[in-house]
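Here is how names work: the chains are called A, B, and so on, in the same order as the sequence lines, proteins then strands, and each is numbered from 1. Computed from a predicted structure; not experimentally measured.
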Protein chains: 2
Amino acid sequence: MYIHEKSLRTIIDALRKKGYKATPQRIAICKYVLQDTTHPSAKIVYQRVRKEYPTISLATVYQTLKVLKELNLIQELPFSKRETRFDPNVNPHINMVCLKCGKIVDINFPEADSLLKQISESTRFRITGQRIDIYGFCEVCGQFSISIAKNKEKML
Amino acid sequence: MYIHEKSLRTIIDALRKKGYKATPQRIAICKYVLQDTTHPSAKIVYQRVRKEYPTISLATVYQTLKVLKELNLIQELPFSKRETRFDPNVNPHINMVCLKCGKIVDINFPEADSLLKQISESTRFRITGQRIDIYGFCEVCGQFSISIAKNKEKML
DNA sequence: AAACTATTTAAGAATTATTATTACCTAATA
DNA sequence: TATTAGGTAATAATAATTCTTAAATAGTTT
Ligand SMILES: [Mn+2]
Ligand SMILES: [Mn+2]
Ligand SMILES: [Zn+2]
Ligand SMILES: [Zn+2]
């Protein structure tokens, strides 16, 4: 159940509840990013939202993404290749990350909840979030990577 | 079983096998980073190795860390706060990451192997690595964070 | 042991994702 | 509609990482 399944009203209320103004820019960015499950980068979010708001700035995108993270509506996923990607799925799940084409797809991991509960009990660690990535080569990149791919063209 | 349990000879051989020269700088960096389980940043590695090699440069540290990653002897762990940390434990395990003090400790996750095997079979994804992080507040930071910590002073 | 040569190093410059600054602008409210 | 606290857009600043290059050297060959 992502926020993007909820109404515009819900987004506005979530912002206001934390004292943030519901500006058109923020609403546009929220609507976009909460609905894109491809784990877009800030630049991609910027390019997409720009179509609707041509005057928007990249700094506003970054600042809104930070707000969304603070509201726990998205998760930040930094990668080696210096490009952070953003994920509207904040529930425990696995990101399958292709090192060749950069595609990231979610897969379910129902056992995560009990695992986390167990860990929080056995350690004295107060858990607030998690990240589970699996790296490798997706189906379409897998074949090529055997013969062609070297470390040079890895995307992440 | 980390490499640091092995001999100097083993490190040198690992480098040479891939066509890398075993320079004193590289050996010093390898010896240090393969034995530090606190997940140090590049800067920390630099500061530590500097004590033995005062003329070493940060660029050399970065380049050697890249080599070690290529040899699959360490893992790179980028975080939100723009400071990548390095982990000599490349086997599937869980990183418990404290958002207040930045401490990262490994905990075992024996079920990971079968989970990964199962996923690689059910998807057509060729797995080459993984990363499992749990974020929150460690035992010593946990209490304070209730009253003091805001998002401002988060380390990662 | 000296010479050879492809790599590597160190220093500094360059790159680039992200953050800070600031002068207008606007959403929310009365 | 006026007030105002806070937001936006443009730009500059920051800083982690990478690139460039001349000098040094590891590994090899004579
Ligand atoms: Mn995801
Ligand atoms: Mn670890
Ligand atoms: Zn792919
Ligand atoms: Zn802590």
Output all residues satisfying salt bridge (charged side-chain N to carboxylate O under 4.0 Å, His left out) with [X], sequence neighbours left out; order by chain, then residue number.
| X | result |
| --- | --- |
| A/Arg26 | none |
| B/Arg124 | A/Glu139 |
| B/Arg16 | none |

Does OP1 or OP2 of [N] have a side-chain N or O of [X] closer than 4.0 Å?
| X | N | result |
| --- | --- | --- |
| B/Thr60 | C/dA10 | yes |
| B/Gln63 | C/dT9 | yes |
| A/Thr55 | D/dA9 | yes |
| B/Gln25 | C/dA10 | yes |

Worksheet item: A/Gln25 versus A/Val49: any side-chain heavy-atom pair under 4.5 Å?
Response: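 They are not in side-chain contact.
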Worksheet item: Are A/Leu73 and A/Val90 close enough that some pair of their side-chain heavy atoms sits under 4.5 Å apart?
Response: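 When only atoms from C-beta onward are counted, A/Val90 and A/Leu73 do not touch, as no gap falls below 4.5 Å.
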Practice prompt. Go through residues 17-24 of chain B and report each residue with a non-hydrogen atom lying under 4.0 Å from DNA chain C, sorted by number.
Written response: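 Result for residues 17-24 of chain B: B/Tyr20, B/Lys21, B/Thr23, sorted by number.
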Worksheet item: How does protein contact run along nucleotides 13-18 of chain C, one letter per nucleotide 5' to 3', with B for base contact, S for sugar-phosphate only, - for none, heavy atoms under 4.0 Å?
Response: --BBBB
Close N or O pairs between protein and nucleotides 19-21 of chain D (under 3.5 Å):
none

Worksheet item: B/Tyr20 and B/Glu70: side chain to side chain donor-acceptor pair (under 3.5 Å), yes or no, with the steps?
Response: CA-CA 11 Å; B/Tyr20 292 110; B/Glu70 197 184 325; 2.8 Å; yes
Worksheet item: Cation over ring, A/Arg131 on A/Phe79, under 6.0 Å and within 45°?
Response: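 Satisfied, under 6.0 Å and within 45°.
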